[in-house]
Amino acid sequence: MRRIILSTESGADLPRDLAEKYAVQVVPMHVIMDGKDYLDGSLPVVNIYEYYERTKKIPSTAATNVHEYQEFFLKIKEQFPGCVIVHIGYTSKASASFQSAVIASEDYEDLHLIDALNVTGGLAAIVLYAVKLLEEEPSIEPERLIEKIEAVVPKSRLAFIPGSLDFLRAGGRVSNIAYLGGALLKIKPVIELIDGKLVSTKKYRGKMGAVAERLMSEYLSEYNIDREQLYLLYSLGLDASIKERMDEIAKEAGFRNVRWIQAGAMISTHAGPGGFGIAGLEV
């Protein structure tokens, strides 16, 4: 029986302890700050916010390139001889990273790519679903595993409120954001993944505590999320009282497991400090 190894990008914000526990391989994306290229995961998030406060400039991000993927897949093959790699990738609609993986995969056999059409916690939810499948059925055939993962891709629901419109505008990933009006009226947009694209679907007005609670309520009303697991996302700077209240709401809603996921450097470059989000899988 050949071992199946799961892999993904750093843009999944997969908690390090879970990646290590389940041997999920993570390839870093890039953050470019002050002309220097940093691998996502090696740059403390606080450095991004300090840089912005000092310069009023926001770092940019870049996808994992073909050469990096070639080396990444080769390293996995050397570390786990004879393995089958199932790569669950960051949405191809918001980054060139997945296309780089497609090109790099031509050099390898027993390598399968899945476009998760999602980012951060929405992508992590799919990866951890795959982890659970492998844990429950270690001898599952790769084709069957891939089939199950692909079936859950459209069921992964992610919604988040960025902490800063400055960061969101600079990232340029959301085409329908009304930045100026939002900044003047203190409006906080809700960003969701629709067919793999980042789209502003709603706008709330008020402080983060109130809008986070409203987002949680509407999200749970709109989507029938599996009560076994909920992922709550945050970028550094989110008030602890908000996190406590979100935990209370999740418990009241009947979720058996709640996992907080901190946005890494790459995602934080788009979301800004103090952002909040929710991710889960529909049943």
What do you reckon, is [atom1] of [X] surrounded by more than 12 foreign heavy atoms closer than 6.0 Å?
X: Glu109; atom1: CD; answer: no
X: Lys21; atom1: NZ; answer: no
X: Asp195; atom1: CG; answer: no

[atom1]/[X] to [atom2]/[Y] distance, rounded to the nearest 0.5 angstrom?
X: Leu14; Y: Tyr22; atom1: CG; atom2: OH; result: 10.5 Å
X: Arg157; Y: Tyr219; atom1: CZ; atom2: OH; result: 8.5 Å
X: Ser164; Y: Tyr49; atom1: OG; atom2: OH; result: 9.0 Å
X: Glu252; Y: Leu220; atom1: CD; atom2: CG; result: 11.0 Å
X: Leu113; Y: Gln99; atom1: CG; atom2: CD; result: 10.0 Å
X: Ile149; Y: Arg144; atom1: CD1; atom2: CZ; result: 11.5 Å

Taking atom types as modelled, is there a side-chain donor on [X] or [Y] under 3.5 Å from an acceptor on the other?
X: Thr64; Y: His30; result: no
X: Tyr129; Y: Ser156; result: no
X: Asp13; Y: Thr120; result: yes
X: Tyr204; Y: Glu218; result: yes

Smallest separation among heavy atoms of [X] and [Y], with atom names:
X: Tyr90; Y: Phe98; result: O-CB, 3.8 Å
X: Leu123; Y: Gly11; result: CD2-C, 4.4 Å
X: Gly196; Y: Lys93; result: O-CB, 3.1 Å
X: Ala265; Y: Asp40; result: N-OD1, 3.3 Å
X: Thr269; Y: Pro59; result: CG2-O, 3.0 Å
X: Ala279; Y: Leu158; result: CB-CD1, 4.1 Å

Any chain of hydrophobic side-chain contacts (each under 4.5 Å) joining [X] to [Y]?
X: Ile126; Y: Leu128; value: yes
X: Ile267; Y: Met33; value: yes
X: Ile4; Y: Ile76; value: no
X: Ile249; Y: Val258; value: yes
X: Val86; Y: Leu111; value: no

For residues [X] and [Y], determine if any side-chain heavy atom of one lies less than 4.5 Å from a side-chain heavy atom of the other.
X: Lys132; Y: Glu136; result: yes
X: Leu145; Y: Glu141; result: no
X: Leu74; Y: Gln70; result: no
X: Pro15; Y: Trp260; result: no
X: Met208; Y: Asp239; result: no
X: Val153; Y: Asn118; result: no
X: Ile278; Y: Leu233; result: no
X: Asp110; Y: Ile85; result: no

Closer than 3.5 angstrom, by distance alone: can the side chain of [X] be matched with the main-chain N or O of [Y] as a donor-acceptor pair?
X: Asp37; Y: Ile32; result: no
X: Asn224; Y: Glu282; result: no
X: Ser235; Y: Gly274; result: yes
X: Thr8; Y: Ile88; result: yes
X: Gln25; Y: Ala23; result: yes
X: Asp115; Y: Ser92; result: yes
X: Ser217; Y: Arg214; result: no
X: Ser7; Y: Val26; result: no
X: Ser42; Y: Leu39; result: yes

Listed once per pair and sorted, the salt bridge (charged side-chain N to carboxylate O under 4.0 Å, His left out) pairs that draw on residues 65-88, sequence neighbours left out: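 As it turns out, there is no salt bridge (charged side-chain N to carboxylate O under 4.0 Å, His left out) pair with a partner in residues 65-88 once direct neighbours are skipped.
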
Would you please test His87 and Ile114 for side chain to side chain contact (heavy atoms under 4.5 Å, CB included) and show each step? CA-CA 6 Å; His87 180 75; Ile114 298 172; over 6 Å; no

Audit row: Tyr51, Asp34, side chain to side chain contact (heavy atoms under 4.5 Å, CB included) steps and yes/no: CA-CA 9 Å; Tyr51 174 74; Asp34 205 20; 3.8 Å; yes

Between Val84 and Arg3, does a side chain to side chain contact (heavy atoms under 4.5 Å, CB included) hold up when you go through it step by step? CA-CA 6 Å; Val84 176; Arg3 181 173 180 179; over 6 Å; no

Hey, are Arg259 and Asp17 close enough for a salt bridge, meaning a charged N less than 4.0 Å from a carboxylate O?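 Here Arg259 pairs with Asp17 in a salt bridge, since their nearest N and O are under 4.0 Å apart.
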
Check ion pair Glu222-Lys202 (N to O, under 4.0 angstrom):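 A salt bridge links Glu222 with Lys202.
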
For Arg227, enumerate each residue passing the salt bridge (charged side-chain N to carboxylate O under 4.0 Å, His left out) test, keeping only those at least two apart in sequence or located in another chain.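 Expected list: none.
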
List in chain and number order the residues that pass salt bridge (charged side-chain N to carboxylate O under 4.0 Å, His left out) with Glu248, two or more places apart in sequence or in another chain; answer none if no residue qualifies.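 Arg245.
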
Between Tyr234 and Lys243, is there a cation-pi geometry (under 6.0 Å to ring centre, at most 45° from the normal)?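 Judged by the rule (NZ or CZ under 6.0 Å from the ring centre, within 45° of its axis), Lys243 counts as positioned above Tyr234.
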
Taking the six-membered ring of Tyr38, is the NZ or CZ of Lys36 close enough (under 6.0 Å from the centre) and on axis enough (within 45°)?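 No, Lys36 does not lie over the aromatic ring of Tyr38.
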
Leu232/Ile261 under side chain to side chain contact (heavy atoms under 4.5 Å, CB included): CA gap, chis, key distance, verdict: CA-CA 6 Å; Leu232 298 179; Ile261 294 178; over 6 Å; no

If you apply the rule side-chain hydrogen bond (donor to acceptor under 3.5 Å, both in side chains), what do you find for Tyr69 with Glu9, and how did you get there? CA-CA 10 Å; Tyr69 268 113; Glu9 281 103 340; 2.3 Å; yes

